[in-house]
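Note that the structure is predicted; figures quoted are calculated from it, not measured. Chain letters run A, B, ... following the sequence lines, proteins first and then strands; every chain starts at 1.
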Number of protein chains: 2
Amino acid sequence: MNKKTDLRVLRTNQSIRKAFYELIQEKGYEAITIQDIADRAMINRNTFYLHYQDKPDLLDICVDELLEEIKNAIVQCPISMRPFSISTLETVMQTILEHISHNTSYYQAMLVGENKIYLFQSKMEKIIKDKLNEGWNSPQGNSTLTISKELLLEYLVSSFMGVVIWWIKNDLPLPAEEVSSQFSKIVAYGHLKTAGIAVKE
Amino acid sequence: MNKKTDLRVLRTNQSIRKAFYELIQEKGYEAITIQDIADRAMINRNTFYLHYQDKPDLLDICVDELLEEIKNAIVQCPISMRPFSISTLETVMQTILEHISHNTSYYQAMLVGENKIYLFQSKMEKIIKDKLNEGWNSPQGNSTLTISKELLLEYLVSSFMGVVIWWIKNDLPLPAEEVSSQFSKIVAYGHLKTAGIAVKE
DNA sequence: TAAATAATGAACGATATGTTGTTTATTTAT
DNA sequence: ATAAATAAACAACATATCGTTCATTATTTA
């Protein structure tokens, strides 16, 4: 009687999700029709509407479900920005990378290729930004930054996402610990010096 | 007789572009119908098809025209990555920022807000990446980087775009020279130290 | 086994698309 | 200034997708 106990509901729903992720990678979200999903999931087009309002509804639910997992993964990571603690930033990234490594195909569909879902990236950026922002909200009084905090956050989030996406796109070429370790070093010391590139004024 | 001399063509085309940019910001690209554009531009729906194949065609042309200007702006900027020269990176960013400041409304529509055009950002990232990549193509032999060059490029481009978008989003709060100067310093020395934030191991 | 409910299948109106003609208005060239 | 060229307007069309309704069939739960 409960919606989640009826095997038909579960099976249909699984088929829809699977078909949807496949089609996103094949033809991109916008090009997908409800009939496409129904055909691939081998259900009647009408059945789709018994489970989701429309295509954006399906996308939102998929996106939010994945992001909810990221939120849960990092919620207990401690974070401190003043003083900046390398280990905490490293922990956040490593936690996220490890979560991604257990659900690679989903994140591949969401974040890689010309059919990637920019809504997902944008929402994920917000989550990272909020998390990093926590580190500044500790009651230590305002100090005098020579750069706008907003600019700093933007910079940090952008590079963070850049590295994460690079990692997924290249099929996780390095262990999660190594990527997060290198990233935090780059952030702290400047990536050119970290990489061993000479700098001339 | 030439398509570009007939005032009717020019006027109609201008109306279409203007309507298109407005509608992108108002309701987002996907929600726009050809009829919307025709109504706003005060032309017959049919007339649209005399100028563009379809909606994606119009978008592509708008995007590529803007990007062409960016390409032209930075094509003559010298760039060197080994040794890394702060001034060259600074020059590239400053050139781009100044170009943007002369066409703010277009870049606002393309890069800011929930209706931004991710295709544009993605193509712009590629242009920046190619440009930065030039700096490595000088014949100096392979050196041993401690980080993958691809990772480094991804990091650089992501942070570059992050700063640019932040700048546009906040209505160009600082002069272009200052943003590009600070950015290159962050890149070279690490943003935390640049910002005056203490780092603890 | 009976009741509940999920899924099917057919049909519908509404909306947007892209195309094809024809007519009107404007521009260019003679 | 006028005639030829062409852009734009207007109407009509077939097609596709959407979201909904309703009756019927199949499956699951109680």
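Remark: B:His51 is not in phosphate contact with D:dA7, judged by side-chain N or O atoms under 4.0 Å from OP1 or OP2. Considering only side-chain N and O atoms, A:Thr12 lies under 4.0 angstrom from the phosphate OP1 or OP2 of C:dA7.
Summarising the geometry, the separation between CD1 on B:Ile34 and C1' on C:dG18 is reported as 9 Å, rounded to the nearest angstrom. Remark: P of C:dT24 and CG of B:Asn46 are 16 Å apart, rounded to the nearest angstrom. Taking atom CG of A:Asn44 as the reference point, atom C1' of C:dA11 lies 12 Å away to the nearest angstrom. Distance CD1 (A:Ile43) to P (D:dA26): 18 Å, rounded to an integer number of Å.
Within the helix from C:dT1-D:dA30 to C:dT30-D:dA1, the inter-axis angle between the opening and closing five-pair segments is 30°, rounded to 10°.
The distance from atom CE of A:Met42 to atom CG of A:Asp39, rounded to the nearest 0.5 Å, is 10.5 Å. The OG1 atom of B:Thr12 sits 10.5 Å away from atom CG of B:Leu7, with the distance rounded to the nearest 0.5 Å.
Between B:Leu67 and the options B:Met110, B:Lys123, B:Lys126, a side-chain contact (heavy atoms from CB on, under 4.5 Å) holds for only B:Lys123.
Looking at B:Arg8, its side chain comes within 3.5 Å of the base of C:dT26 through a donor and an acceptor atom. In this model, no side-chain donor or acceptor of A:Arg45 finds a partner on the base of C:dG9 within 3.5 Å.
In this structure the side chain of A:Arg17 reaches within 4.5 angstrom of the side chain of A:Leu58, judged on heavy atoms.
Checked for salt-bridge contact, A:Lys169 and B:Glu150 miss the test: no charged N lies under 4.0 Å from a carboxylate O.
Taking only side-chain atoms of B:Thr47, from C-beta outward, the nucleotide of D:dA9, C:dT19, D:dA7 with the closest atom is D:dA9.
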